[in-house]
*Asks:* 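Next up is a structure, given as structure tokens.
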Amino acid sequence: MTENEIINSRYQKVAIGIAQRIAEGKFSVGEKIKSRSTIATTFNVSPETARKAINVLVDLDILEVRQGSGAIVVSKENAIAYVKQFNIRNSLKSLGHDIQSHLKLQKKEMDRLSGLVQNFLDQSSLIKKEFPFEPYELTIGEFSHQGKSLQQLNIWQQTGATVIAIKKQGNFILSPDPLTILNKGDQIFFVGNDLSSFRMQHFFNS
């Protein structure tokens with residue numbers, strides 16, 4: 001906020017403060033408003049800011065400045081309308097801030113989602129680049145050979161499938177070493193035929 005905006009904000013707050021008092025009946029039509037110095041003290045602003053606030057209310061036909069009498073209340077209805085308009089404007093401003101806040105949050109979430117999608121695509125591309133054909137996928141459940149290595153399991157002889165990748169706790173292992181241990185929850189990517197796939201399912205999830 002610039003210095004000019006701060007000054008404008010101050011005299012507008014004073015103006016709406018006086019208008020609210022008129023709207024609430026604390027100042028009656030025909031009654032003289034306190035002097036500029038008293039208003040300045042009440043709202044903790046300079047006499048010049050108080051003068052500008054009074055001028056705003058004069059322009060809105062809420063007050064009238066009479067020579068020798070000061071500022072006189074001339075319309076409660078206009079004061080009520082001004083207060084109502086101010087509240088609507090503030091509500092719209094608050095709504096605008098809320099919308100901007102939600103849009104920023106939405107953008108942040110979209111950026112995060114975009115990152116997750118890109119990570120997924122990168123990992124998918126890695127698999128496809130290394131193995132351009134479509135592999136079978138299997139998540140290991142309960143099986144009797146828990147904690148044994150690929151070499152110990154002798155998978156190709158048992159099922160006819162060739163293991164090309166393993167995913168452990170979110171990390172891909174491409175062309176896994178024969179000594180790689182398999183455990184429940186690991187994902188196996190393998191190639192073979194439908195019979196090999198059936199045998200793998202039976203071998204790891206029986």
*Asks:* Heavy atoms only: give me the nearest Ala50-Val45 pair and the separation to one decimal.
*Replies:*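 Between these two residues, the closest heavy atoms are N-CG2, 4.3 Å.
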
*Asks:* Supply the atom-to-atom distance Arg89 CZ to Gln12 CD, rounded to the nearest 0.5 angstrom.
*Replies:*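 One gets 7.0 Å once the value is rounded to the nearest 0.5 Å.
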
*Asks:* State yes or no: do Val65 and Ile22 share one hydrophobic cluster built from I, L, V, M, F, W and Y residues joined by side-chain heavy-atom distances below 4.5 Å, directly or via other members?
*Replies:*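 Looking at the clustering, Ile22 is in the same group as Val65.
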
*Asks:* Test Tyr11 against every option in Arg51, Lys52, Glu48 by the side chain to side chain contact (heavy atoms under 4.5 Å, CB included) rule and name the one that passes.
*Replies:*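 When side chain to side chain contact (heavy atoms under 4.5 Å, CB included) is applied between Tyr11 and each of Arg51, Lys52, Glu48, only Lys52 qualifies.
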
*Asks:* Is it the case that one hydrophobic cluster holds both Ile80 and Leu60, taking links as side-chain heavy atoms less than 4.5 Å apart, direct or via other members?
*Replies:*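 Result: no, two separate clusters.
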
*Asks:* Quick one, Ile54 and Ile39 - any side-chain contact, counting heavy atoms below 4.5 Å?
*Replies:*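 Yes, close enough: below the 4.5 Å cut-off.
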
*Asks:* Roughly how far, to the nearest 0.5 Å, is the CD1 atom of Ile140 from the CD atom of Gln201?
*Replies:*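 Reported value, rounded in 0.5 Å steps: 11.0 Å.
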
*Asks:* Is it true that atom CG of Asp59 has more than 12 heavy atoms of other residues, nucleotides or ligands lying nearer than 6.0 Å?
*Replies:*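 Yes, enclosed.
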
*Asks:* Look up atom CG in Leu138 and atom CZ in Phe189, then write down how far apart they are to the nearest 0.5 Å.
*Replies:*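 It comes to 10.0 Å.
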
*Asks:* Does any part of the side chain of Ile155, heavy atoms only, come nearer than 4.5 Å to the side chain of Leu182, both counted from C-beta?
*Replies:*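 When only atoms from C-beta onward are counted, Ile155 and Leu182 do touch, with a gap below 4.5 Å.
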
*Asks:* Find the distance between CD (Gln152) and CG (Leu150) and round it off to the nearest 0.5 Å.
*Replies:*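 Rounded to the nearest 0.5 Å, the CD-CG separation comes out at 9.5 Å.
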
*Asks:* Phe198 and Trp156: same hydrophobic cluster, using ILVMFWY side-chain contacts below 4.5 Å?
*Replies:*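 Phe198 and Trp156: separate clusters.
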
*Asks:* Is Glu109 atom CD crowded by more than 12 heavy atoms from other residues, nucleotides or ligands, each under 6.0 Å away?
*Replies:*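 Yes, because the 6.0 Å sphere around CD of Glu109 holds more than 12 heavy atoms from other groups.
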
*Asks:* Quick check on the hydrophobic clustering: are Leu195 and Ile188 connected, directly or via other members, by side-chain heavy-atom contacts under 4.5 Å?
*Replies:*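 In one cluster with Leu195: Ile188, no.
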
*Asks:* Do Leu63 and Val73 make a side-chain contact, defined as non-hydrogen atoms from C-beta onward lying under 4.5 Å apart?
*Replies:*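 Answer yes - side chains close enough.
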
*Asks:* Determine, using the 4.5 Å side-chain heavy-atom cutoff (strictly less than), whether Ile33 and Val56 are members of one ILVMFWY cluster.
*Replies:*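 Both belong to a single hydrophobic cluster.
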
*Asks:* Return the minimal non-hydrogen interatomic distance between Thr139 and Gly185, and the atom names on each side.
*Replies:*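 Heavy-atom minimum between the residues: CG2-O, 4.1 Å.
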
*Asks:* Do Ser114 side-chain atoms and Met110 backbone N/O form a donor-acceptor pair below 3.5 Å?
*Replies:*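 No.
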
*Asks:* Please find the pair of heavy atoms, one from Ser196 and one from Gly160, that lie closest to each other, and give the distance.
*Replies:*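 Between these two residues, the closest heavy atoms are OG-O, 3.4 Å.
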
*Asks:* Please report the shortest heavy-atom distance between Phe43 and Arg21, naming the atom on each side.
*Replies:*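 Minimum heavy-atom separation between Phe43 and Arg21: CZ-NH1, 3.5 Å.
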
*Asks:* With a 6.0 Å cut-off (strictly less than), is the heavy-atom count around CD of Gln157, excluding the residue itself, greater than 12?
*Replies:*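 For Gln157, atom CD is crowded (more than 12 foreign heavy atoms under 6.0 Å).
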
*Asks:* Got more than 12 heavy atoms from elsewhere within 6.0 Å of CZ, Arg112?
*Replies:*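 Atom CZ in Arg112 is not crowded, with 12 or fewer foreign heavy atoms closer than 6.0 Å.
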
*Asks:* What pair of heavy atoms forms the shortest contact from Ala15 to Leu57, and how long is it?
*Replies:*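 The pair with the smallest heavy-atom distance is O-CD2, 3.6 Å.
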
*Asks:* Answer yes or no: is there a side-chain heavy-atom contact under 4.5 Å between Ser149 and Ile181?
*Replies:*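 Heavy-atom side-chain distance check passes, below 4.5 Å.
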
*Asks:* Return the CD1 to CG distance between Ile166 and Asn183, rounded to the nearest 0.5 Å.
*Replies:*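 Ile166 atom CD1 to Asn183 atom CG measures 10.0 Å (nearest 0.5 Å).
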
*Asks:* Set out, in order, the CA-CA distance, both residues' side-chain angles and the distance that settles side chain to side chain contact (heavy atoms under 4.5 Å, CB included) for Met200 and Tyr136, then state yes or no.
*Replies:* CA-CA 10 Å; Met200 287 285 282; Tyr136 291 92; over 6 Å; no

*Asks:* Taking the side chain as everything from C-beta on, heavy atoms only, tell me whether Gln158 gets closer than 4.5 Å to Leu153.
*Replies:*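 The answer is no, as the side chains (C-beta and beyond) never meet within the 4.5 Å cut-off.
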
*Asks:* First locate atom CG of Asp186, then atom OG1 of Thr180, and finally report the distance between them rounded to the nearest 0.5 Å.
*Replies:*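 Taking CG in Asp186 and OG1 in Thr180, the distance rounds to 10.0 Å.
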
*Asks:* Counting C-beta onward and ignoring hydrogens, is there a side-chain heavy-atom pair between Asn78 and Tyr82 closer than 4.5 Å?
*Replies:*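 Not in contact.
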
*Asks:* Show the nearest heavy-atom pair for residues Phe27 and Ile18, with the distance to one decimal.
*Replies:*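 In this case the closest contact between Phe27 and Ile18 is CD1-O, 4.5 Å.
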
